[in-house]
Number of protein chains: 2
Amino acid sequence: MNIGQAAKHSGLSAKMIRHYEAIGLIAPAGRGANGYRHYTEADLQRLAFIRRSRDLGFSLAEVGRLLGLWENSQRTSAEVKALACAHIEALERRIDELASLRDTLRNLVDHCRGDERPDCPIIRELETGGQRTDRCPS
Amino acid sequence: MNIGQAAKHSGLSAKMIRHYEAIGLIAPAGRGANGYRHYTEADLQRLAFIRRSRDLGFSLAEVGRLLGLWENSQRTSAEVKALACAHIEALERRIDELASLRDTLRNLVDHCRGDERPDCPIIRELETGGQRTDRCPS
DNA sequence: CTTGACCTTGCCCGGGGGGCAAGCTTGACA
DNA sequence: TGTCAAGCTTGCCCCCCGGGCAAGGTCAAG
């Protein structure tokens with residue numbers, strides 16, 4: 001099977017498959033006499049594994065570790081769980097950051113009339129960094 | 001004021017200030033006879049505006065639009081509000097995506113014993129894409 | 001044989017920076 | 001006055017995770 005077919009089956013792009021090979025995430029694919037890469041069933045499984053790992057938000061480095069665990073029959077489920085838990089924690093940190101931004105913005109937006117006048121608390125906040133300039137800086 | 005001082009005052013790095021100039025986000029800074037960039041109070045305000053916009057998660061493209069609105073006395077607060085609302089919506093979409101990943105992972109992690117044995121539902125999920133292989137595929 | 005689809009490599013682009021190098025200028029101190 | 005460290009200049013490469021395009025080779029069907 002050539003790279004295009006492998007891409008379709010795995011849901012990755014041919015470009016990504018080549019890239020993963022270039023960065024060493026997967027072993028170099030076998031080549032035919034014409035120089036074309038060809039992929040076995042086992043290769044397809046690896047690609048699908050990568051695709052699903054990426055879909056769960058793992059970075060390529062994490063995917064590499066997951067692949068290592070997958071192919072290591074000596075692995076412990078504790079190792080896998082630890083990797084997944086670390087990723088969950090990273091996701092939660094990121095979610096909290098974004099939620100905090102959202103809340104700040106929501107607050108500003110709620111105080112903006114949104115009419116045809118130029119005066120706007122959002123712009124004021126960006127100007128002043130949240131200092132109160134509206135009443136007597138004295 | 002030179003770029004290093006401007007960087008300190010704005011909380012940006014000198015590198016980023018040069019970058020913003022290079023991509024046209026800010027107008028080229030004035031230069032002294034020695035070729036050094038120098039920054040006025042107005043420049044510092046612009047840099048601080050950018051910094052706060054970035055802190056709120058706006059992309060550089062959005063920051064560009066915000067700068068345009070800021071410096072346009074003909075702006076309407078409705079325009080600013082629309083930009084901020086669009087950003088809030090993007091944040092919420094992103095948060096939902098990440099939360100969905102987190103929930104999926106949490107579910108998998110909760111079913112993983114995390115002991116010294118290799119058997120692991122997380123790895124199984126990545127292998128099979130969620131197909132039930134545990135009972136009679138018949 | 002031609003045509004079109006597919007494959008190969010290589011390069012540039014994005015966002016949003018970090019880091020380092022080589023060379024100039026500036027300011028402080030001996 | 002010389003010297004030396006900071007600071008500034010530009011330029012280049014790096015990270016992640018790809019997209020897109022170009023030039024050229026290959027394959028299969030008509």
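Lettering of chains follows the sequences in order, A, B, ..., and the numbering in each one begins at 1. Owing to the predicted nature of the structure, the values given are computational and were not obtained by experimental measurement.
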So, do [X] and [Y] sit near enough that their side-chain heavy atoms are less than 4.5 Å apart?
X	Y	result
A:S77	A:K81	no
B:I123	A:F49	yes
A:Y36	A:I3	no

Among residues at least two apart in sequence or on other chains, which ones pass side chain to side chain donor-acceptor pair (under 3.5 Å) with [X]?
X	result
B:T40	B:D43
B:D96	none
A:R117	A:D115
B:R51	B:D55

- Message: On the nucleotide D:dG19, are OP1 or OP2 found under 4.0 Å from the side-chain N or O atoms that A:S13 carries?
- Response: yes
- Query: For B:R54 and C:dG17, is the shortest distance between a side-chain N/O and OP1 or OP2 below 4.0 Å?
  - Reply: yes
- Note on the structure: Heavy-atom nearest nucleotide on DNA chain C taken for A:H38 and for B:L60; more 5' hit belongs to A:H38
- Is A:Q5 reaching over with its side chain to a backbone N or O of A:N2, donor-acceptor style, under 3.5 angstrom? no
- Item | Short side-chain to backbone donor-acceptor contact, A:R52 and B:E127, under 3.5 Å |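 Checked: pair present.
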- A:A29 meets the side chain to side chain contact (heavy atoms under 4.5 Å, CB included) criterion, sequence neighbours left out, with A:E21, A:R37, A:Y39
- Message: Going by the rule side chain to side chain contact (heavy atoms under 4.5 Å, CB included), which residues pair with A:A27 if we only count those two or more places apart in sequence or in a different chain?
- Response: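 A:A27: no side chain to side chain contact (heavy atoms under 4.5 Å, CB included) contacts found.
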Using atom [atom1] of [X] as one end and atom [atom2] of [N] as the other, report the distance to the nearest whole Å.
X	N	atom1	atom2	result
B:D55	C:dG17	CG	P	10 Å
B:H87	C:dG15	NE2	C1'	14 Å
B:M16	C:dG15	CE	C1'	12 Å
B:R18	C:dG16	CZ	C1'	16 Å
B:H19	C:dC13	NE2	C1'	13 Å
A:I17	D:dC17	CD1	C1'	15 Å

- Message: I need the residues from residues 22-37 of chain B with at least one non-hydrogen atom less than 4.0 Å from DNA chain C; give them sorted by number, or say none.
- Response: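 Hits under 4.0 Å, by residue number: B:N34, B:Y36.
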Using nucleotides 21-23 of chain C, report all nitrogen or oxygen pairs with the protein that are shorter than 3.5 Å.
none

- Interface with DNA chain D, restricted to residues 45-53 of chain A and to heavy atoms under 4.0 Å: none
- Item | Residues which pass ring-ring contact (aromatic ring centres under 6.0 Å, His included) with A:H87, listed by chain and number, not counting sequence neighbours | A:F58
- Residue pairs involving residues 101-110 of chain A (criterion side-chain hydrogen bond (donor to acceptor under 3.5 Å, both in side chains); sequence neighbours excluded): A:R106-B:E92
Protein and nucleotides 2-4 of chain C: nitrogen or oxygen contacts under 3.5 angstrom:
none

